[in-house]
Amino acid sequence: MRPQDQKTVLENALHELADKVRVSKANYQGAEHASIRGMSATDDEGVTTMPAPGTPPRGLSDFG
């Protein structure tokens, strides 16, 4: 393969990879924004990060 042909193949591959990275980044950002909107929508439903009241499961009661 001639050096010019190798350059062209490599250039095309890098452009294709860059396109895939851009699409992946856009999809990731879209999913992240959707999950943030989903979490914001549950604020009024009493969702909390606090542990549920009650007795801890056996084995965990030693820690607290």
Side-chain angles (χ1 to χ4, degrees):
M1 187 180 279
R2 294 184 343 214
Q4 185 62 33
D5 293 340
Q6 290 176 341
K7 178 185 172 199
T8 302
V9 169
L10 181 57
E11 186 177 351
N12 290 340
L14 289 173
H15 282 292
E16 184 178 339
L17 180 60
D19 289 341
K20 289 180 179 183
V21 168
R22 277 191 285 276
V23 168
S24 294
K25 182 179 176 183
N27 288 339
Y28 178 82
Q29 288 175 340
E32 184 179 37
H33 290 237
S35 64
I36 289 171
R37 281 192 306 272
M39 287 188 287
S40 297
T42 60
D43 284 346
D44 296 333
E45 297 175 16
V47 176
T48 178
T49 58
M50 296 299 294
T55 307
R58 198 169 30 159
L60 294 179
S61 59
D62 298 335
F63 291 104

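What you see is a predicted model; the values in this text were computed from it and never measured.
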* **Leu10 CG to Leu14 CG distance, which is reported to the nearest 0.5 Å** => 4.5 Å
* Structure fact -> Rounded to the nearest 0.5 angstrom, the CG-CZ distance for Leu17 and Arg22 is 9.5 Å
* Any side-chain heavy atom of Val23 sitting closer than 4.5 Å to one from Asp19? -> no
* Scan residues 3-14 for pairs that pass salt bridge (charged side-chain N to carboxylate O under 4.0 Å, His left out), counting only residues two or more places apart or in two chains. => Arg2-Asp5
